[in-house]
Amino acid sequence: MRNLYCTFIFAVLLTCVFSFNVDQKNSLSFSGPLEDMFGYTVQQFENSEGKWVLIGSPLSGQPSKRTGDVYKCPVGRDNNNCIKLELPKNTTIPNLREVKENMTMGSTLVTNPKGGFLACGPQYGYKCGPQHFISGVCTNVSSSFQILNSFTKYQECGKEMDLVIVLDGSNSIYPWSSITEFLNKFIGRLEIGPKQTQVGIVSYGETVSHQVNLSQFDNMPALRDFVQVLPQHTGTKTMTFLGIDTAREEAFMPERGARPGVKKVMVIVTDGESHDYYNLQKVIKACEHDDIERFGIAVLGDYGRQNKSLSEVQKFIKEIQNISSEPIQDHFFNVHISSFTFVKEMDVEIVRQRPTKAGRSVLLGAVGAYEWNGTVVMYTPGGDVVPGKDAFFDPLKEARNERLAAYLGYDVQSASTSEGELYITGAPRYNHTGRVVIYRLDENNRIVISQILKGEQIGSYFGSVLQTVDVDNDSLTDLLLVGAPMYMGPEKDEQGRVYVYRLKNNKFKHEYTLKPINQSCCTLQSAGCTNKNEPCGARFGTAIAAVTDLNLDGYNDVAIGAPFENDHRGAVYIYHGDQKSLKKKFVQHIPAGGDGEKVKFFGQSIHGVMDLNGDGITDITIGGLGGASLFWSRDVAELHASMTFNPSKVNLQQIEHQCEHGNRKSICAKTNLCFTYRVKSNQPTVKTTANMTYTITLDSLRATSRASFISKDLKNDRRTTQKFTIMDGTKECMEKTFMMSERLDFRGPLTVSVEFGKADEEGPVLDESLPKSINITLMDCGNKTQTCIPDLSLKAKCDEQSKLIKEKEIIYLNITVKNLKDKAYNTNVKINFTQNINFVNVEPDTKTTTVNDTEVSIEVGYPFLGNNEEVSFILKFEVNLKYFQKEIEFTVTATSDNEEDFSTMHDNRATISIPVKYELGLTFKVDVK
């Protein structure tokens, strides 16, 4: 079950502080046996009978027969009991001796957009005689749950065949028991009988002898008993081509049992170069003329014992390849004598499949093909496309060992572009780091590779999960997501990664990488969390599903599974589409809830393309081992807030807006706060109300407020919270009056803030992309907005370019500050200077000045510096001879409490440097004796 388990580990949905509109409290659950892997795959489905959830259970029937199956689970009916479809019983391929005991039906499950669905069992097999081949099978099921047809890739069992083994028995073959063991295993895989396969054996060394005639044994046990005691031919020479030619001329004669019209096959087994190589072309040409198919087996045991050079080994291998029929890769084998077996590769194994966007063809990954290097098979109405062994690799550029057991076909996808269809497949074990191959088919259905994406970490299984996404519903692919679920995190746990690529000009370009919450498995404190020190090991990216627009914003979304998160209970991360990409931060994290003992790895499968409860919004189905749940998506609503003031702006001179309240006079203002509410779903006949709440705060940026509300009971307060009810498609407004303090302080802006949201959890959720608060600055800025944006311009200069310093030397610094735009509240100029001077005073001395060591701070334009207002002043400094420095430096900066645009801040700062020299002072003292 290694491939079954690793191929389809999918995602999860749970409860946490990160939540949006997937309702985690009122889900519809379906349960089944954990040991049957019930919930391993899920699909949403609809037919004339109603709406369903299809659930795969690939080990159903165990322990004796793990045939697997698919269940149909009704949605919206009183009885939601799941019904087994009995697909294995009715899945059949004509003229095959089928082996269904371990077929694992339901490992792959996908619905057809035009109706019906496909279910696959990757372990389905068949027998040719005693040989058991694994090929996999897919069943096409109609919308009424009737099996339409089944298909697989298989080799027809050989009917009648005359097979002659040409066996090197020279003295170099050692030990001989390995050869007899090989013959027994090889013969054991054949159906031997008069109307099936007949076997003859010719041995050779310097001479040739017939050990077994074709008609000598009519059953396998008798032949195996004879081979067990078959003597070694011996001989000091290896006359290979004498043996082949003798077998061609004599072993296939009617007198030895050869049958007219029956296929002739020759298997040549040898461990060294022949002594009659000069006869190769003549003998092989004669075999071709007699239509004999030849398999060459090179035994390397003697070459290893004699430590022969690589060139000698290659020369020997080349000879045996020249003996073998075309194509060489299917007819030539080389083995070591210690492990001498003859095993032809199994047929392709269906691991995972997806319908292409065209809807008429089906892609099937076959990871077991070509010695587990893998391939992708396409079934089309016009015939099957089965790529060759090297179709996805370039032997001239790639080392052969890089693609060994690459598992190409582990997942498959297709992408729709303006220039046609692209096909995508993952090879998660390619060169240990994994890769993704993007290709197209030319007019002759040949593979044309257009791009290769490479993994970055050994063992990460990059490419094991693929998902293409059409974000904006224009029928063209926008994104490709590639999972690397075993990516090792910093704590040496399989944290997982998902790589996001954007399609542009028919090429996928990496945009960014997504990863799970980086914390221990028990940090979330969910029920069932037992080991609080256990690493997270999320395997994020084991499942990636494109889900139809969940939040009704017009863009499709993505759900990513992390089934090992939280003590192997699992979680799902939901990302919303945003124009041509995804929002990088997930909007909902859904951890597994419920009974963790019954369901494990909840979220191994995800599907979300249908509205299953008729509210016009897509719902999400999630499966785990032992169960599956259908999560309803809640409706989404927009709540917009606006606020106006009368007067619209406040300043010190607004005498006409003065009022008296509570035995004091000051400026009063009114605020009109309005909310509009709209539900997004397409249900125009249903008008619902929602309970909302808001909190309005005066002077929210300060600890002590400069304003307070006027209430009917004469109590004053700076903050108020109230609830209100609003109907879909309507507008609600509230009016509040507040009074400024008697001595209005304009050192900083006065901001009024409003926070708003739902008062309860009932009904639609609010659109998470919209603001949940507004902040408006109330001051006279002289523009159309209520936020003052100044533009301070600073000039600073000294008359001296350089200076000769003497005691009590005076330095003057001239500063001019001008505001080119809105009023700048609490404008301040800060001067930093070197230690070799001391601050004396500022002229004119009306400015508020703060001195701190080598820094002077001066307030200008109190309470604000108005538009086009300019202030100039002079700072006086005295030389400090305690410190000797080569320069006198000033750094002058102008700031205010308002935010200034970054583009205009280049002239808010000035630096002045004056090179100085110090006058030498000498004192002479004369001693008179």
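Everything numeric here is computed off the predicted structure, so don't read it as measured data.
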Using side-chain hydrogen bond (donor to acceptor under 3.5 Å, both in side chains), reason through N556 and N473 one step at a time and then give a plain yes or no. CA-CA 7 Å; N556 292 322; N473 286 308; 2.9 Å; yes

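- A donor-acceptor contact shorter than 3.5 Å links the side chain of N112 to the backbone of K114.
- A pairwise comparison of heavy atoms in G483 and P485 identifies C-CD, 3.5 Å as the closest pair.
- Here the closest non-hydrogen pair linking F462 and A484 is CA-CB, 3.9 Å.
- F393 and Y430 have parallel rings, their planes meeting at less than 30° on a 0 to 90° scale where 60° marks the start of perpendicular.
- When all heavy atoms of V558 and V547 are compared, the closest pair comes out as N-CG2, 4.0 Å.
- Using cut-offs of 30° and 60° on the angle between ring planes, the pair Y439 and Y423 is tilted.
- Every residue two or more places apart in sequence or in another chain that forms a salt bridge (Lys or Arg N to Asp or Glu O under 4.0 Å) with R294 is listed here: E288.
- Within 6.0 Å of CG in D394 there are more than 12 heavy atoms belonging to other residues, nucleotides or ligands.
- Residues T41 and S605 bring no donor and acceptor atom of their side chains to less than 3.5 Å of each other.
- Defined by atom type and a distance below 3.5 Å, a donor-acceptor pair is present between the side-chain atoms of T139 and T91.
- Between D472 and D478 the shortest heavy-atom distance is OD1-OD2, 3.0 Å.
- Contacts of N149 classified as side chain to side chain donor-acceptor pair (under 3.5 Å), with partners at least two apart in sequence or in another chain: N140.
- Here E293 pairs with K263 in a salt bridge; the nearest charged N to carboxylate O distance falls below 4.0 Å.
- For D442, the side chain to side chain donor-acceptor pair (under 3.5 Å) partners at least two apart in sequence or on another chain are R446.
- To the nearest 0.5 angstrom, T197 atom OG1 is 4.0 Å from M161 atom CE.
- Checked against the 6.0 Å centroid threshold, Y461 and Y410 count as a close aromatic pair.
- In this structure, I424 CD1 and T468 OG1 are separated by 6.0 Å, a value rounded to the nearest 0.5 Å.
- Going from atom OG of S60 over to atom NZ of K84 covers 3.0 Å, rounded to the nearest 0.5 Å.
- Under a 3.5 Å cut-off, the side chain of Q62 and the backbone N or O of E35 do form a donor-acceptor pair.
- The CG atom of N445 lies 7.5 Å from the CE atom of M378; values are rounded to the nearest 0.5 Å.
- Nearest heavy atom pair, residue F117 against residue L54, reads CD2-CD1, 3.6 Å.
- A side-chain N or O of Q44 and one of T621 form a donor-acceptor pair less than 3.5 Å apart.
- Residues satisfying the side chain to side chain donor-acceptor pair (under 3.5 Å) test with E98, not counting sequence neighbours, are T92, Y124.
- Both tests pass for R77 against the ring of W52: distance under 6.0 Å to the centre and angle within 45° of the axis.
- Closest heavy-atom contact between L503 and T417: CD2-CG2, 3.5 Å.
- Applying the side chain to side chain donor-acceptor pair (under 3.5 Å) rule to E419 yields the partners N506; only residues at least two apart in sequence or on another chain are considered.
- A salt bridge links E191 and R97; the closest N-O separation between the charged side-chain nitrogens and carboxylate oxygens is under 4.0 Å.
- Between D619 and K51, none of the side-chain N atoms (NZ, or NE/NH1/NH2) sits under 4.0 Å from a carboxylate O, so this pair counts as no salt bridge.
- With a 4.5 Å cut-off on side-chain heavy atoms, V53 and F30 count as touching.
- Counting heavy atoms from C-beta outward, I544 and V498 have side chains that approach closer than 4.5 Å.
- The salt bridge (Lys or Arg N to Asp or Glu O under 4.0 Å) search around D162 returns R259, not counting sequence neighbours.
- Dense packing is recorded around CG of D474, with more than 12 heavy atoms of other residues, nucleotides or ligands lying under 6.0 Å away.
- T477 and S416 form no side-chain donor-acceptor contact under 3.5 Å, judged by distance and modelled atom types alone.
- To the nearest 0.5 Å, atom OG1 of residue T425 and atom CZ of residue F392 are 6.5 Å apart.
- Atom OG of S57 sits about 12.5 Å away from atom CE of M105, to the nearest 0.5 Å.
- In this structure a side-chain-to-backbone donor-acceptor pair under 3.5 Å is present from N373 to Y370.
- Using a 4.5 Å heavy-atom threshold, the side chains of Y126 and S135 count as touching.
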